[in-house]
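Remember, it's 1-based here, ligands and their atoms both numbered in the order they're listed.
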Amino acid sequence: MNHCVFCKIISGELPAHRVYEDEQVLAFMDISPINHGHVLIIPKIHYSELRSIPLATSIAVWEVVKKVEYAIWQTPDLICDGTNVLQNNGAAAGQEVFHAHFHVIPRREGDGSRFRFRTINSSEQMRNDWAAKIKDQIDAA
Ligand code: AMP
Ligand code: ZN
């Protein structure tokens, strides 16, 4: 996967401001932050999307997400009133780099960045039907 920008960061071919690193996971500063302190967390093995990551690796990544999110709250001068933890899968969901990653974004009161999705109409019956269909897939997995 040597065309992947995040694989190039892992290998050192591209520079990054590293925040944390262990055998399985790397955390580094986003090059176009939504706020100061915006960090990305990635598995060191290339998986395109969340569903491709093996469970053990997912747990290792999530531990670092938690570690970074906590550290951001503690960081002096960052003025963190809240955080968003985001993870996009597929172009339709806004994924631009196809090496699975989590964003941890510090938020400030009145910072003007609003994650506001539109909502759709959904009846009790529809939610019931979708719950059953999704549950079928979980049971079949
Ligand atoms: P996504 O839309 O979830 O795929 O987000 C990709 C993120 O990767 C964006 O926030 C970019 O700013 C960030 N990004 C892209 N290239 C680099 C890079 N070389 N170093 C750090 N962050 C990057
Ligand atoms: Zn990659």
For this session: Return the option from Ile42, Asp30, Val39, Leu86 holding the heavy atom at the smallest distance from atom 7 (C) of ligand 1.
Result: Asp30

In ligand 1, which numbered atoms sit nearer than 4.0 Å to a non-hydrogen atom of [X]?
{"X": "Ser32", "answer": "12 (O)"}
{"X": "His103", "answer": "1 (P), 3 (O), 5 (O), 7 (C), 10 (O)"}
{"X": "Val5", "answer": "19 (N)"}
{"X": "Met29", "answer": "21 (C)"}

Check [X] against [Y] and note the closest heavy-atom contact, atom names and distance.
{"X": "Val39", "Y": "Ala27", "answer": "CG1-CB, 4.0 Å"}
{"X": "Ile9", "Y": "Pro15", "answer": "CG1-O, 4.1 Å"}
{"X": "His46", "Y": "Ser48", "answer": "NE2-OG, 3.8 Å"}
{"X": "His103", "Y": "Leu40", "answer": "ND1-CD2, 3.3 Å"}

[X] side chain near [Y] side chain, heavy-atom distance below 4.5 Å:
{"X": "Val61", "Y": "Gln24", "answer": "no"}
{"X": "Lys44", "Y": "Val25", "answer": "no"}
{"X": "His99", "Y": "Ile10", "answer": "yes"}
{"X": "Tyr20", "Y": "Phe28", "answer": "no"}

Among all protein heavy atoms in this structure, tell me which lies nearest to [atom], with the distance rounded to 0.1 Å.
{"atom": "atom 8 (O) of ligand 1", "value": "Phe6 CZ, 3.5 Å"}
{"atom": "atom 2 (O) of ligand 1", "value": "Gly94 O, 2.8 Å"}
{"atom": "atom 5 (O) of ligand 1", "value": "His101 NE2, 3.1 Å"}
{"atom": "atom 4 (O) of ligand 1", "value": "Glu96 N, 2.6 Å"}

Would [X] count as being in polar contact with ligand 1, using the rule that some N or O on each side must be under 3.5 angstrom apart?
{"X": "Leu40", "result": "no"}
{"X": "Asn88", "result": "yes"}
{"X": "Ile31", "result": "yes"}
{"X": "His38", "result": "no"}
{"X": "Ile9", "result": "no"}

For this session: Please verify whether a non-hydrogen atom of Ala16 lies at under 4.0 Å from ligand 1.
Result: no

For this session: Write the atom name of the N, O or S atom in His99 that is nearest the Zn ion (ligand 2).
Result: ND1

Problem set entry | Considering only N, O or S atoms of His46, the one closest to the Zn ion (ligand 2) | ND1

Seminar exercise, completed: Quick look: Phe98 vs ligand 1, heavy-atom contacts under 4.0 Å, and the answer is neither

Exercise. Of the options Ile105, Ile41, Val64, Thr83, which is the one that meets Glu69 in a side-chain contact (heavy atoms from CB on, under 4.5 Å)?
Worked result: Thr83

For this session: For the pair Lys133 and Asp129, find out whether any cationic side-chain nitrogen is under 4.0 Å from an anionic carboxylate oxygen.
Result: no

Problem set entry | Glu63: partners by side-chain hydrogen bond (donor to acceptor under 3.5 Å, both in side chains), with sequence neighbours left out | none

